[in-house]
Every structure is written in structure tokens, then in C-alpha cells.
Amino acid sequence: MTLYAEVALPLPLSQTFFYLIPERWQSRVQIGARVLVPFRGRALTGFIVSLKKRRANKEIRLKEIEEVLDEKPLFAPNFLSFTRRLSDYYYTSWGEFLQASLPPTYVLKSKRMIHLSAEGGSALKKEKLSKEEKAILSLLQKKPYTATFLQRRFGKKSVSSLLSRMSRKGYVHFQKEIQKRGRRRLRPVSSLQKQLEIDFGLSRKLRNFTEAIFQKASPKAFSPWLVFGSEDERKALYFNLIKKVLEREEKTLYLVPEISLTQHLIERFEKRLGKEAAILHSQMPERKREAEWLKVRSGEAKVVVGPRSALFSLLDKVGLIIVDEEQDDSYFQRENPSYDARRGAWIRAKQEKAILIYGSARPTVEGFYQAKKRGYLLNLEQKEQKRKVNIVRERSRRDITSQQFRESLREKLNEGEQALVFINRRGYAPLLVCSNCRHIPKCVNCDIALNYHKKKEKIVCHYCNYSLPKPEVCPECRSRIIRLMGYGIEAVEEELKKYFPQARITSFASDEVKGRKEQEWIVHRFSEGKIDILIGTQLLAHRADLPPVSLVGILYPETLLGLADYRASQKTFQTIGLMMDHLQDNGHGEVLIQTELPSHFSIQAAASKDYDSFFKQEMKLRRLMNYPPFSHMIGVLFQGENLRILAQKSREFSALLKSEAGEIEVLGPSLAGVKRLKGISRVQMILKARRKKYLDDALQVSLKKVRLRGTISVFN
DNA sequence: AGCACGCCGACT
DNA sequence: GTCGGCGTGCTC
């Protein structure tokens, strides 16, 4: 007879909690079901992760489960182990990962509402109250609020002691309230009844690869692969694998980068898989997402396509997990909770004994290295396309674009061709500098210079969106001469419009193009030839559905090298590569890279599409610096308002770590690259070790001893 | 996370 | 004394 339930809660806590199971539920509780439990005066949805006959710690007075919410478990044992391992790996909460697999309406939490009592109402009229009390009580006259709301409303750090005193005086009372579960009726998703596209003409090479992959996977076993090849070939292989997996009565999890989940791609999936596919994306309305979730839950969907969060789909019988564009940053989630979906896919595939496919034309060096070393690299040997690549250094003082670039552009425009131009910066200029006193306007919340946006006539913080009207005179010395430093997309657009007044020029940056619809619209017009020159930032580089063009201009890709990240070279190589993929391969295409660092290896290798050369040189540096894949690296970011306390605590933490384990290298603590963000100071440390276990052991001890608000990012 | 507790200086 | 504000620690 089971008596105790171990429950994981959707809070940023890495422990689980135990509850008594009341008699009436005993025969009905199951591992993997949701329960409603009391927790510090609140009611929370929790998840049963195990059932015990005996209790471990007799000291604690256990509470009873209030309600069992599921007759049938939501989570299969496999899924529980997977999320458990993932939370161990990333030092984060198990419950938060479980929560990530459910629609928000499945994870209700009570809120403590603060009500005005009758006494409070009369006190407000008759008695003289303090300013704070009066303000709160009169606000509560309208309707009850939560403490968090009041706190924010009055700009306080805490109102808890204030509220408890007021409740003691009887002015207010608290009431637990659970948001009503909207009784919406879900319409079944209108699934396309299109004729499914049949695979045809799969090359012998791909057929052989498919066979090799399945050979390793039968009998069913975890088997990872890195597919190194062009997008078209990769996709052909994926669909072939999916087909075979479907034949085995198994299902597929297909992860794609956030940004590449365009209408175009969605249509392709629907065409090929029809109603067997559930497609998720982040901008999907709540209702639609829940409908897709139900499709997975009911077993109708056999393939789930989505961004990193789709890793948590409640798909059973997983036979194949694909992580396409393995190099993409969007697989990494920085906060609450922090995890890398690439690693997550590995852990899940291993748990499910599934085939795991990482795919890329320009894989991360970490991934490529592992695949080579452990023998799971599948090289599709891309055939070389003909193209002309120019690396240009020359730059006049007056213009952003070089004369050579403009000549090429003129030539193509005269032939009625289209061009794409990449620049890695939003706005008009990244910096304003007073010529007189050198003052640089900075964000009040962040340690960041404000970017000048000419179209809005504002200076804007690219981290928190704080903005000011463009200053006419220097706010420090009242000088009228303020210089613009550097170039952004708006400046490029302005210059090209000046030189090519007849050309139809449009720019494409995340702050200008609002939402999916407008993006699709611009891409649509470009595809129809109604735009001659499309200028864009990263957003453009990632669009896979643009028609191939005959001129690709890449302006100052080295700004990507300026990132304070050991992966900066990789990012530069990859972005140039993405842009070059937009080139038509009929031999007339031309790429022009304009840079101040023409001999940097990442630019050179990208220009000649030479992954091996990039890999070799980057690995040399990684080895030299003891970066991944030669070490395991963990970033610990401490955040807090008080920099003094932050500094002291982080030093304490660092000392503890150093004493704890000699095998780990501790860098810092030091101010983070952005030392203040949204008004919060940030101090960071980097931990490196040969094996992750060393880091695990050291952190396990230190995290218990020094309590800090912060984020731990495991980089690899 | 969110809530209680307890300590501190400021103020009727 | 009491009020408001803040840091600290715990939650089965």
C-alpha cells in the first residue's frame, strides 16, 4: 500500500517534495499524474514523480494531497526520466521542465488575493491612517489585488510586512483563489486533406545512408548521427527516415530553429505529412497551440515539428529525433529554466532508445568533433557550386559601401537582377559621441550605449528598449556637435537610396518589421520581383525561403567577432555561410564581402565555403584556450541590485569552489560583459573542467552553502 | 517564485 | 513604542 507521493513542483526549485496520500485517493494515484497540493499557504499543481511506501525523513510534518487531477498519468516513465536527467544536467527545476510540456491551463496555481475588509473600509473613512495604508486600502476598494501587483504598483521591494500588519489590524484579509479554468470548447484542427507528396528519385547515396542508420537502430537502440550536408539533401534524407519510422509505427520529433519556421516550411510539412503532423511555433495563439497539443496527446500526430520547446512534446513511441540546423543559437535557452535543446535531444533520444539526427551544412565545431571522434559523422559531400566571391577592404571615408560593391550592384540592377545585403546592426548608428566632451549617451537601466534610430528620431537601448528623443545638443556640455559612429541598417538603406534612386529598396530588421505577417509580406513581394534590393540583419540571413539572387553583399561581418563569446568565430562563419546560401548557383552569382578584417580565418573559410579549414583553425584556438570541446564550461551569472553584496557573495562562492575541487578552473568573478541590465547588476564567473562531473560535484556543494539569485548556464 | 519573519532606522 | 523597508530563509 502506497502512502507517500513524491511531487515535483513548477517552481525554480531543484528539489522534490513529499505528500501524504489521503485514503480516498490511495487506489487511484498514479506516477505521472497531476495533483493539487498545499505549499506554503498556496495551492499548486504538482506532478507525481514517484510513490513510496516509507518515508525518508521523519522530521518533516507532511501535508496531504488536496486533489488528484488526472485519472490517467500525463507523463510516461520515459518522459519523467528524461526531464529528470535534463534538470540534473542543467542544475534546474524538474517541475519547470514538466510544466513546459503542458498548456498553461493544465498547470493552475492559486494566487493570494488581498481583500478589503469591512473594517478596512470604515477605517479608510474615519480613522487617520498612514500614507501607505491609505494608498493600499483605497486601491483595494475597487477590487482585490495580489501582493506582487501592489508591490509593483507602489514601486516597493516588499510589501509583505506591511500587509501582515494590516491583516493583524483587520483591515484586509487574504483569500486563496485559483483562476477559473476557461471552459473553452476546442474545435478539432482543420487538417489539410491534401494529397501527400510522394518521395521520388531519392539518390542511391541517400538510400544507403538510410539503410546504414536503420541497421544501427534495429533492434531499437539509441543511435546518434551528425548529418553534414546541404539543406536539400538533408531534408530528403529526413523525410525518408520519417517515412521508415512511420512504417515501424513510431513517431518523430523534428526540431528547427525558431526563426526558420516560416509559412513556407509549414506548408511543406503539411503537404508531406498532412494531418499526421502537429506543428508548433512560438507566435501561435494559445488556442491553436492547445489544439495541436491535444493532437499529439490523442496520438493522431505522428510527427511533431517545432522550435526548442517542442523537445517537451508528450509524444510516445519516439523513434526518431531530428535537430536540424544544429548550429543555430536558438536551441539554447538562457533563462527559466536554462537548457540547450541539442543536449536535451540527446538525453531524450537516449532515454527513448531512438535515432538522433543532428543536421547542418556548417555544424558547431563541438558537434563535428564529437561526431568524428565517436564515429557518427554522415558526410553527404556537398557538390560545389560555381560562384564568384570578392573580399573587399577598400572603403572611402564618406560612404559605407565600397565603390566596387556599388558597381556590382549597378551592373546587376541594369540586368534586372535582385540583390540581398546583410548588415549586422539595427538602427542608423550604434553610437553617438559628443565631439567636444566625448560623452556617449547610455541607457539608464543597462550598461549599454544607446543606438540612434533615424526613422524614429530616437536613441534606443537594444537590450531593454529604453528610448529617448534624439538629443539636439550634448546633455553633458550642451555642445551642438554630436558625431555618429558606426553604421546600421538604416544608414545603409539611406546610402543605397541615394546612389540608386530608381531602385526599389526595402529593409528587413526585427524592430522594423512587426510580426510574422509583415515579414511574410516582404518576402512575398521580393519573390515576385517587386523589390530590387533587400537589406537585412540576422533576420534576413536566416530566411530560407527567399528566391536565389545573383548578388549577395555582406557588410562588415566582423562585428559578429566582437561578441564576448568563445563561439564568435563560429557565428561569423555561419552567418556568412547563411547569406551565401541565398546565391543562385547558375554561375552568374556573385558574393561581395566588405570587411576591415579580410584575412580573418572565419571570413576566409566562409568565403571559400571550406568547412574543414574553418574547423581546423577554430579547433587550434579552442585547444589553446582550453575551450569546449576540450573542456566543459559553465557560466554562472549572479544578479542583484546591490553590487557590493553581489561582489562579496560571488567572491565567497568562487573561494568555495576553488577549495572544493582542484580539477576545475575558475575564471572571475568579474563584471559581466553587460555589467548592468534592466537596472540589475551582473557579475559572472566561468568554470572550466576536463569532465563535467568535476563541475557537478563542486557546484553541488557550493550551491548549497552560498545562496544567491542567479543563473547557471551550462554551455556544453 | 512567493511568502513570513525579524531586524533596523525613522517618526508620531 | 510603532511604522515602513529590507534582507534572509523556507517551502513537504
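Every chain is numbered from 1, with letters handed out A, B, ... down the list of sequences.
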ring-ring contact (aromatic ring centres under 6.0 Å, His included) partners for Phe149(A), two or more places apart:
Tyr145(A)
Which whole-number value in Å describes the distance from Leu3(A) CG to dC12(C) C1'?
15 Å
Rounded off to whole Å, could you give me the CG-to-P distance for the Leu51(A) and dC12(C) pair?
19 Å
Is the Tyr339(A) to Phe332(A) ring centre distance short of 6.0 Å?
no
Please name the residue in the list Ile347(A), Asp316(A), Val318(A) that meets the side-chain contact (heavy atoms from CB on, under 4.5 Å) test with Glu352(A).
Val318(A)
ring-ring contact (aromatic ring centres under 6.0 Å, His included) partners for Trp25(A), two or more places apart:
none
Contact residues, residues 4-18 of chain A to DNA chain C [heavy atom, < 4.0 Å]
Leu13(A), Gln15(A), Phe17(A), Phe18(A)
Any idea which heavy atoms bring Ala698(A) and Leu657(A) closest together, and the distance?
CB-CD2, 3.7 Å
For residues 40-50 of chain A, which residues have at least one heavy atom under 4.0 Å from DNA chain B?
Arg40(A), Arg42(A)
Neighbours of DNA chain C within residues 61-68 of chain A, by heavy-atom distance under 4.0 Å
Arg61(A), Leu62(A), Lys63(A)
What is the distance, to the nearest angstrom, from the CH2 atom on Trp94(A) to the P atom on dC12(C)?
19 Å
Would you say the side-chain atoms of Ser101(A) pair up with the backbone N or O of Phe97(A), donor to acceptor, closer than 3.5 Å?
no
By ring-ring contact (aromatic ring centres under 6.0 Å, His included), which residues pair with Tyr91(A), not counting sequence neighbours?
none
Can you give me every donor-acceptor pair (side chain of residues 42-51 of chain A, partner residue at least two apart or in another chain, under 3.5 Å) with its distance?
unit_1: Thr45(A); atom_1: OG1; unit_2: Leu108(A); atom_2: N; d: 3.0
unit_1: Thr45(A); atom_1: OG1; unit_2: Leu108(A); atom_2: O; d: 2.5
unit_1: Ser50(A); atom_1: OG; unit_2: Glu6(A); atom_2: OE1; d: 2.7

List in chain and number order the residues that pass side chain to side chain contact (heavy atoms under 4.5 Å, CB included) with Ala310(A), two or more places apart in sequence or in another chain; answer none if no residue qualifies.
Leu255(A), Leu280(A), Val304(A), Ser313(A)
Proximal nucleotide (of dC12(C), dG2(B), dG4(C)) relative to the Phe39(A) side chain
dC12(C)
Atom CG of Asn336(A) to atom P of dA1(B): distance rounded to whole Å?
7 Å
How many whole angstroms separate atom CZ of Phe174(A) from atom C1' of dC3(B)?
10 Å
Residues two or more places apart in sequence or in another chain: which of them pass side-chain hydrogen bond (donor to acceptor under 3.5 Å, both in side chains) with Arg297(A)?
none
Polar atom pairs (N or O), protein with nucleotides 5-11 of chain B, under 3.5 Å:
unit_1: dC5(B); atom_1: N4; unit_2: Ser160(A); atom_2: OG; d: 3.1

Sequence neighbours excluded, which residues qualify as ring-ring contact (aromatic ring centres under 6.0 Å, His included) partners of Tyr331(A)?
none
Would you mind reading off the distance between Arg112(A) atom CZ and dA4(B) atom P, rounded to a whole angstrom?
4 Å
What's the CG-P distance between Leu162(A) and dT2(C), to the nearest Å?
16 Å
Whether Phe17(A) and Phe39(A) hold their rings parallel, tilted or perpendicular, with breakpoints at 30° and 60°:
perpendicular
Nearest whole Å is fine: how far is dG5(C) P from Leu163(A) CG?
11 Å
Could you work out, with salt bridge (Lys or Arg N to Asp or Glu O under 4.0 Å) as the rule, every residue matching Arg342(A), not counting sequence neighbours?
Asp340(A)
Are Phe18(A) and Tyr4(A), when compared by the centres of their aromatic rings, separated by less than 6.0 Å?
no
